[in-house]
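Reading through the structure tokens given below for one structure.
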Amino acid sequence: MQNLLSTSELTKELVMELMESADSYYDLANCKGSSNELEGKILAALFYEPSTRTRLSTETAMLRLGGRVITAVGEEYSSLRKGESLKDTAKVISNYADVVAIRHKQAGSAKEFAEGASVPVINCGDGPADHPTQALLEAYQLYRTFGKLDGLTIAYIGDLKNSRTSNALLKLLSNFGGKAKLLSPPSLKLVEESKYEGIEYQECETIEEALSGVDAIYSSRVRVEYFDDQSEYERLKAYFVLTRELLETNCPDAALLHALPRIDEIPEEVDDWKGAKYFEALAGGVAVRMALLKKLLCS
Ligand code: ASP
């Protein structure tokens with residue numbers, strides 16, 4: 001494995017290998033321990049778009065494996081703002097780091113960066129297009145919860161048009177069969193190109209219909225960054241709210257995932273519901289990124 005640029009590179013075999021490797025790192029990640037497996041290696045974390053979890057958990061993963069981190073945050077403080085191409089930036093940074101994690105607003109940016117890089121590159125979110133390590137995090141939480149990824153029925157609820165995270169999870173799980181129940185405001189429906197072979201799709205009309213019979217729910221925020229009209233965003237941002245009552249009534253045994261940040265779609269009252277897994281998933285996010293860094297740097 002040379003890079004991780006797109007979720008489509010995550011074959012079933014590779015996903016399962018990373019899940020098993022993440023298991024071996026989970027205690028280290030969860031108990032905040034460290035090892036020296038990547039001692040002497042340097043990660044360059046280039047985050048040209050806002051990030052809290054992906055940046056800090058990728059950096060944490062590197063540090064817990066004994067590596068070190070250099071960071072560039074915000075395009076306005078980089079040479080990209082002076083007109084440097086992503087490819088040239090990649091040629092430069094390949095002289096400093098052993099691996100690069102990049103987030104950038106442009107779809108295809110990680111791929112363009114990798115064309116200039118001579119070290120492994122991890123796509124940590126390229127605009128609305130993809131977010132493979134978030135898909136690995138969600139898959140790992142599903143794997144920990146259900147002991148498998150095959151054949152799960154998942155309700156995808158929220159802004160499915162602009163959500164790179166829902167799109168990425170659908171793509172990853174298309175290796176494992178199962179069913180996707182889709183529920184979004186009419187203007188934010190999943191685009192046809194994001195309906196992958198290998199999954200059975202069902203468009204839902206109501207929240208009750210979407211929740212019934214599911215193993216898990218993947219909720220996503222309405223992505224404010226893709227709205228020109230703020231009043232339209234305000235109208236849609238709380239279109240589907242997963243209250244505790246709705247969850248307890250319609251899917252009492254389901255697992256609830258969310259890439260975070262949540263805005264209005266999951267009220268705080270749900271946080272201590274037994275199915276709420278979105279904060280629990282964070283330690284797994286470090287473990288799975290440790291597994292990925294190890295794979296990229298040592299095989
Ligand atoms: N943190 C995730 C992302 O970067 C989800 C979100 O922002 O809504 O895509």
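Bear in mind the structure is a predicted one, so any value in this text is a computation, not a measurement. In what follows, residues are counted from 1 in the order of the sequence shown. First listed ligand is number 1; within each ligand, the first listed atom is number 1.
- With atom 7 (O) of ligand 1 as the reference point, the heavy atom nearest to it among R164, E225, R221 is part of R221.
- At least one N or O atom of R223 sits closer than 3.5 Å to an N or O atom of ligand 1.
- Close approach of ligand 1 to A259 (heavy-atom distance below 4.0 Å) involves ligand atoms 5 (C).
- For R235 and F227, the positive end is not near the middle of the six-membered ring at less than 6.0 Å and at most 45° from its axis.
- The part of L260 lying near ligand 1 is the backbone, judged by heavy-atom distances below 4.0 Å.
- A salt bridge between K41 and E37 is absent, with no side-chain N of the basic residue lying under 4.0 Å from a carboxylate O of the acidic one.
- The closest approach between a heavy atom of S163 and any atom of ligand 1 is not below 4.0 Å.
- Separation of atoms CD (Q134) and CD (E138) is listed at 4.5 Å; rounding is to 0.5 Å.
- With a 4.0 Å heavy-atom cut-off, ligand 1 is reached by no atom of R53.
- A salt bridge does not link E280 to R144: none of the charged nitrogens lies less than 4.0 Å from a carboxylate oxygen.
- Residue contacts with ligand 1 for R103 involve side-chain atoms from C-beta outward but no N, CA, C or O (heavy atoms, distance under 4.0 Å).
- A salt bridge does not link E39 to R68: none of the charged side-chain nitrogens sits closer than 4.0 Å to a carboxylate oxygen.
- Taking a cutoff of 4.0 Å between a charged side-chain nitrogen and a carboxylate oxygen, K82 and E84 do not qualify as a salt bridge.
- Ligand 1 has no atom lying under 4.0 Å from any heavy atom of Q134.
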